[in-house]
Amino acid sequence: MDERELIPHLFRTEYSKITAVLCRLFGFEQIETAEDIASDTFLSASELWGLKGLPEHPVAWLYTVAKNKAKNYLKHQAVFQQKITPQLKHQVTGTDIPEIDLSPQNIHDSQLQMIFAICHPAITAEAQIGLALRILCGFGVNEIADAFLTNRETIAKRLQRAKDKLRTAQVALTFPPPSEIDKRLETVLRTLYLLFNEGYYSSSHDNTLRKELCFEAMRLTKLLLDNPATNQPSANALLALMSFHASRFDARIDNTGEIVLYADQDPNRWDQALIQQGEHFLNIASEGDKLSRYHLEAGIAWWHTIKADTKEKWECILQLYNHLLQLEYSPMAALNRTYALSKANGKEEAIAAAEKLALDHLHLYQLLMGELYQELSPAKARAHFEKALQLAASAADKKIIEARLRGCAD
């Protein structure tokens, strides 16, 4: 990996670590300072590595530079004495500068605390995801704007408002007390779930699948499992769900980079190691008496890793969707259930169920209806595909629909 590839990769993996550690030291009041130092560290890398070549240990180089920049900031900025000193976890006397601890354990603890700070109920779910993308995943404002189908200025203001609300609420980078863990953990899991979904099906990008975002969500979820207080069944179920979905990444993209729908995927391209990982975490999740949406969705995703296209498979998936909709209804889950219903009970029953959903404004609904009508009524199938093409936002979705339209013509 050369310098042009390595720096963006390291920015994804190390920016959030540096930011979390510095923010833990400075306090959330100075989160922009932490972000600036982290960003400036990578700016130095892009300038120096291009001239002098890659260092022998790039990550260690970044940590050393970040430490030095943080220490210089603490030494020379007047705001250190005016605003930071009273908030430092370790009070500074005289000219003493606190140790900048970038050890693996402190990085882990700092990131875990940052996850809970960002997922604080003082801000909306949309703002939580935006901050997670920016601070935990190192995404730029332009990338976040693309993810939310809006412009840079709107996102910049949204992120700033979210930070201001967290400051007003005096949110600290500390681990929640035991009495609050369950309630706060649910918010964290929801944010990571949505983060993974944005990567798994990113409707705002021409490349619908964004693996790097999915793997970031998985990494952050794994942080929860590494802590005894948050290593709970629902967190294990969420990582199982992510693992099962990630196992089919390679099968979802063909040799030309086009998205491949589930029915057309080559099972030989499914990642068996990730399937086994999902089964491992799903077994752990089965302990206890709490059943979450993540348990049910992980069960559905597991059945999708079974190669055989049997009636038993689709009946089990259908029953899991029925239970999921009773536990927590969502239009997309109801739409996905319709596909399982078609496989288990036939297309006529599925069409009748789909028409009751009133989701004709969604291109995925129109696409599914086109699929269901292909053998029953090619004319109706074509009409639905044409409507789906009008509603689709991304180039990747449009290519899929155009291929279905060509199939109708044939």
Side-chain angles (χ1 to χ4, degrees), residues 125 182-183 185-197 200-201 214 217-218 221 224-225 230-248 261-263 270 274-359 362 364-365 368-369 371-372:
D182 287 349
K183 182 178 179 180
L185 180 61
E186 177 53 38
T187 304
V188 170
L189 294 178
R190 180 194 62 196
T191 299
L192 296 177
Y193 172 82
L194 294 173
L195 200 58
F196 183 91
N197 282 354
Y200 189 73
Y201 181 77
C214 293
M218 294 176 71
T221 304
L224 298 173
L225 304 189
T230 52
N231 185 15
Q232 298 190 17
S234 56
N236 280 274
L238 177 58
L239 189 54
L241 168 62
M242 293 175 174
S243 300
F244 291 138
H245 281 322
S247 73
R248 294 190 289 107
L261 297 178
Y262 178 75
W270 294 348
L274 279 171
I275 292 174
Q276 292 173 6
Q277 174 178 293
E279 291 172 342
H280 168 74
F281 288 115
L282 188 56
N283 285 333
I284 296 174
S286 66
E287 300 174 0
D289 57 358
K290 291 184 178 179
L291 184 67
S292 69
R293 62 179 294 185
Y294 308 117
H295 286 84
L296 296 168
E297 291 194 38
I300 293 168
W302 177 80
W303 274 106
H304 279 81
T305 67
I306 302 300
K307 297 180 181 181
D309 190 24
T310 63
K311 184 174 179 63
E312 177 196 8
K313 168 182 173 178
W314 291 106
E315 284 179 343
C316 289
I317 292 174
L318 179 61
Q319 291 307 314
L320 286 167
Y321 269 121
N322 290 341
H323 198 159
L324 176 62
L325 291 170
Q326 290 174 352
L327 182 67
E328 186 173 335
Y329 181 86
S330 79
M332 286 309 302
L335 186 61
N336 290 335
R337 173 191 176 274
T338 304
Y339 180 78
L341 182 63
S342 73
K343 300 290 286 186
N345 295 354
K347 294 182 178 180
E348 292 87 349
E349 186 173 337
I351 290 171
E355 289 175 342
K356 297 177 182 178
L357 297 178
L359 297 176
L362 299 179
L364 291 174
Y365 168 84
L368 176 59
M369 291 295 282
E371 297 281 354
L372 296 177

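Computed from a predicted model, the values in this text were never measured in an experiment.
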Student: Determine whether the side chains of Tyr193 and Arg293 contain a donor N or O and an acceptor N or O closer than 3.5 Å.
Tutor: yes
Student: State which residues pass salt bridge (charged side-chain N to carboxylate O under 4.0 Å, His left out) with Lys343; sequence neighbours excluded, sorted by chain then number.
Tutor: Asp309
Student: For a 4.5 angstrom cut-off between non-hydrogen side-chain atoms, does Ile275 reach Ser243?
Tutor: no
Student: Are any of the side-chain heavy atoms of Met369 and Glu355 separated by less than 4.5 Å?
Tutor: yes
Student: With the side chain counted from C-beta on, respond yes when Ile317 and Tyr321 share a heavy-atom pair under 4.5 Å apart, and no when they do not.
Tutor: yes
Student: Look at atom NZ of Lys311 and say whether more than 12 heavy atoms of other residues, nucleotides or ligands are closer to it than 6.0 Å.
Tutor: yes
Student: Inspect the surroundings of CD in Glu312 and state if more than 12 heavy atoms from other residues, nucleotides or ligands are less than 6.0 Å away.
Tutor: no
Student: Can you see whether Asn345 engages Glu315 through a side-chain donor-acceptor pair at a distance of less than 3.5 angstrom?
Tutor: no
Student: Name all residues meeting the ring pair (Phe, Tyr, Trp, His ring centres under 6.0 Å) criterion together with His295; count only those two or more places apart in sequence or in a different chain, and write none if there are none.
Tutor: none
Student: Is the closest side-chain heavy-atom distance between Leu364 and Leu368 below 4.5 Å?
Tutor: no
Student: Do Pro233 and Lys290 have side chains that get closer than 4.5 Å, going by heavy atoms?
Tutor: no
Student: So do Glu297 and Glu328 actually touch side chain to side chain, heavy atoms under 4.5 Å?
Tutor: no
Student: Can you tell me which residue among Leu362, Asn197, Leu359 is in a side-chain contact (heavy atoms from CB on, under 4.5 Å) with Met332?
Tutor: Leu362
Student: Considering residues at least two apart in sequence or located in another chain, which fulfil the side chain to side chain contact (heavy atoms under 4.5 Å, CB included) criterion with Asn283?
Tutor: none
Student: Please confirm whether Tyr262 and His304 have ring centers closer than 6.0 angstrom.
Tutor: yes
Student: Using the side-chain contact (heavy atoms from CB on, under 4.5 Å) definition, which of the options Asn236, Leu238, Val188 pairs with Leu224?
Tutor: Val188
